[in-house]
Amino acid sequence: MDPLLALRPWQAPEVTSWGRLPMNAVDRRAGALKLDGDWRFQLLPAPDAPLADVWSSAYVPGVWTMQGTDDLPQYTNVRMPFAEFPPASPPADPTGVYEREVDVPADWSGRRIVLQVGAAESVLLVHVDGRPVGVSKDSRLAAEFDLSAVVSPGERAVVRLTVVKWSDASHIEDQDQWWHGGITRSVLLYATDPLYLADVTVRAGRYGDLRVDCRVREAGGALPEGWYVSGELAGHLLTQDTEFDRANAEDDRVSDFLGEARLLTTVADVRTWNAETPELYDLTVRLHRADGTVTDASHHRVGFRDVEIDGRDLLVNGERVFIRGVNRHDFHPLTGRTVSYDDLRGDLALLKRFGFNAIRTSHYPNDPTLYDLADELGFYVVDEADIESHDHAHEIADDPRYLNAFVDRVARMVLRDKNHPSIIIWSLGNESDYGANHDAAAGWARRHDPTRPIQYEGAAKLDWAATDDASDIACPMYAPIEDCVAHALSGRQTRPLIQCEYSHAMGNSNGTLADHWAAIESTPGLQGGFIWEFWDHGILQHVNDARPVGRGGAGLYDNGVAAPGHRWAYGGDFGETIHDGAFIADGVVFPDRTPKPVMSEHREIAAPVRLECLRHEGIVVGNHQHFRGLDWLAAEWRLSLADGGTLTAPAELPALRPGETAAVPLPFELPEDGGEAWLTLHVTTAGDEPWAPRGTVVCVPQVRLRAAAPQSPPPPVRNRFVEVDGDGLLVHPLLTSAPTLSLWRAPTDNDELGGMAVNWRAWGLDALEREVVDIRRSDGRVTVAAEYAGAAGVVRHTQVFTAVEGGIHIEESAELPDALTDVARVGSVFETVPGLDLMEWYGQGPWESYPDRSFGPPVGHHSVPVDELFTPYLRPQESGGRHGVRRFTLSAPDATGLTVALDEPRQVSVTRYRAEDLTSVAHHDELVPRSGCVVHLDAAHRGLGTASCGPDTSPSYLVAPGIHRWSWTLRAL
Ligand code: IPT
């Protein structure tokens, strides 16, 4: 039997690899032979099943679960997709066999030839010409094998990669994401001289100090006589510190020397690296033979920066930086996991445009290109090892059979990624309890790389203030704001508090994000966190046969929506019986990277420029960055007048250093009319940034210059009664459904998973029985009293209709019994005739907002087609709301339509869907838009919170029982 199969490495946690080369930071991507493309392929039912004679083909890099096999993607969060207890895996174990010929270049004769498999999940077995070469686990890091002894330059070799899907390793790769099988990153073949740079470790500090340690292999621990290493940093030559090397050879006091040769220098007037100004220096390290010729070279981009923890502050270059982070998976709706350079650049550029400055690579080392781009574009990265044993966390954390795997995974990540300035923290993994295996891994990382702190949520969660666990940072997940603040004020805080996950972005969510940041920015000891998460992991799927579309699907989606006949699949959509449904759709962007409204909210929370209104002196402008001036920004003043339009004036941003403020004169004279007035600073990029072209909006901070004068209701028109029918319902030519009371919204994911929707249904809020109690006509007014009966009692509702100039004034009140402690909304709902396709409003906008997610949208005059007001959350739910609306019109192209003026700023939504339309389907593509508009005006609307995973909204955003009153005026245009 084949010795690799005989070893049964898929059921041996102690075996992390066999025949695999040590991980290193020498980038071999350039100059290598790429073996990507179609490979011969067959899918076996188990690793030791016999090969068939028939081959199909599969694309590398890619997962077979998205390439036409019957083994389809499956989504589970915590629970394992199979019943076996660790380290066992199921006997039915899909195994992909990939095979292809490789022509080994003839000019590689005499060289060392290495195969690199970028990533394979979860066990990789390598054979060349039928001979066993090696085994690797650790699905998100490359595995390298020395093929020098098994291939011949100038000849053709058959490379076979066998990939076993389920193994002992699956138990520690139990992340909340789709399960796949395949080879997800590129396969390369490259050659080096027999004597080569085996590793390069770069350390570059903020004072310009640079140290480069080089490991050279096949040299018996020292360089052969006359050989040497040189460096070139931005055109300057660095020579080997032979004094140091000699001293080190004899003297082990220099215990952290990582190699055979060291380059040392100090760069004068160094331009330091930080996420705002990510200055990089090119470094080439060369290995020379005694005659000076170069035998190997390694290219690096160096960022000079320091990371340290000082008390409870995490400092970058001595600055306590805010961590405005997001958790990011390697995900793509067409490939599953394989991401290209353009994908990654798109992700990071988008994050920069919306104010993010940090990424946690949840929950494994991401594609190597991500770190190159994070260095270049400027992100603080928490690099996380591929360890999550969620379902069996407690058993595995101390299981010595997994000790090897824990240390191996953390060490390999550190070895690969150590030279990236963007990485400021190592993470030991996610959701794996806390045990001796973690301490062992932390020990390895601390010793090998003393320049970066380590974090691990599972270690710090037992006591945020502890000082003796594996985490240098308290990095809880989904901690309530009050708990974080209380800890920071307790006097017990010992280390920085940066949430590794917070503000769960499932569906219509991220309520109270601004409250988090108000607390963070005002509380020493709090430094930020990482939103969960970047992606909605919807896989593009054909609706008819429920198959994934795969690589060929570019163009089959737009603006967050799949093309007709397609949809974004979530858990269960591939026929899985064990799955966790839409919990996989919990990102701040749609599967095609279209930003959800929360992105705009975040952009404003993170605004680098802030405004404050001084009553007399004018406006205070503040620079809210850590390192950068305002010279990269351009701005324009905009004055929004409730009773006028919008005036603009050029803005000159003052020259401010980080943290500074300056008063500037008011750019406009306010008109005397007394109406509400808001001043916005429309801030854009002044030139091209690497992540945004010139003119990209950076933020739109706003201050109110004048409040609205108190309004009195419009005067009644004498001798005219408003028409209501026998049920007391308004009769109006523009309405197809009269205004009635609504206490219900299509539950959001937070409402469902947080348990609120259960109560709402039990109370019958989705189907209250309306009964008219009284219709009275007097003093020119029609008063309709109605009762809405549900299981929690009766809600009394009155509407007073008054004919006014050009329309109808409606005063409403609703009295909620005490039993209705927490409802979705209190307000009116009505429907309009078709054809009113444009909404224009004065209020907050233009993007979707809710009471607890309304920090960002500026008050102004906005105009959006009705079809674009709705946000296409994957699982339909309450959507499309706008907060702080003062008045709006709905109009047809011929300018007919209606206008509504509200008594005060209200939550309004105008969509094509009734709440029941949204609750009756499971995917966005199943919705059938109505031709008219469904309009909600709310006296009160419940906050969104984040209860699908984390705290609910704050009590101040709940809708209380008792009496609610609101009024509005409806007119035809
Ligand atoms: C936490 C996980 O770390 C993350 O992977 C994801 O599952 C997230 O929650 C929810 O979407 S774990 C959770 C049980 C707190």
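Both counts, for ligands and for their atoms, begin at 1 and track the order of listing.
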(message) Side chains of N750 and S509: any donor to acceptor distance under 3.5 Å?
(response) yes

(request) Give the atoms of ligand 1, by number and element, whose distance to some non-hydrogen atom of F583 is under 4.0 Å. (result) 10 (C), 11 (O)

(request) Please could you name the atoms of ligand 1 that H504 approaches to less than 4.0 Å, counting only its heavy atoms? (result) 10 (C), 11 (O)

(request) Using a 4.0 Å heavy-atom threshold (strictly under), name the region of H363 that reaches ligand 1: side chain, backbone, both or neither. (result) side chain

(request) Could you see which bit of N327 sits under 4.0 Å from ligand 1, with heavy atoms only: side chain, backbone, both or neither? (result) neither

(message) Assess the residue pair Y570 and D580 against the criterion (side chain to side chain donor-acceptor pair (under 3.5 Å)); give the C-alpha distance rounded to whole Å, side-chain angles, the decisive distance to 0.1 Å, and a yes or no.
(response) CA-CA 9 Å; Y570 54 73; D580 288 299; over 6 Å; no

(request) Would you mind checking if D751 and R745 are paired as a salt bridge, meaning a charged N to carboxylate O distance below 4.0 Å? (result) yes

(message) If the contact criterion is a heavy-atom separation under 4.0 Å, does E501 count as touching ligand 1?
(response) yes

(message) Which residue and atom name correspond to the protein heavy atom nearest atom 8 (C) of ligand 1, and how close is it?
(response) Y478 OH, 3.2 Å

(message) Considering non-hydrogen atoms of the protein only, which is the closest contact for atom 12 (S) of ligand 1, and what is the distance?
(response) E431 OE2, 2.9 Å

(request) May I ask you to check whether D367 and T369 show a side-chain donor-acceptor distance below 3.5 Å? (result) yes

(request) Using a 4.0 Å heavy-atom cut-off, say whether H390 meets ligand 1 through its side chain, its backbone, both or neither. (result) side chain

(request) Please write down residue, atom name and distance for the protein heavy atom closest to atom 6 (C) of ligand 1. (result) D176 OD2, 3.1 Å

(message) Under a 4.0 angstrom heavy-atom cut-off, which atoms of ligand 1 come close to N430?
(response) 2 (C), 3 (O), 5 (O)

(request) Identify the residue among Q499, Q455, E501 that makes a side-chain contact (heavy atoms from CB on, under 4.5 Å) with C475. (result) Q455

(request) Would you check the N or O atoms of E388, main chain and side chain alike, for any that come under 3.5 Å of an N or O of ligand 1? (result) no

(message) Show the atoms of ligand 1 that are less than 4.0 angstrom away from any heavy atom in D586.
(response) 11 (O)

(message) Looking at R140 and E384, is there a salt bridge between them, counting it only when a charged N and a carboxylate O are closer than 4.0 Å?
(response) no

(request) Please name the pair of heavy atoms, one in W760 and one in D822, separated by the smallest distance, quoted to 0.1 Å. (result) NE1-O, 2.7 Å

(request) Using a strict 4.0 Å threshold on nitrogen-to-oxygen distance, state whether D472 and R446 make a salt bridge. (result) yes

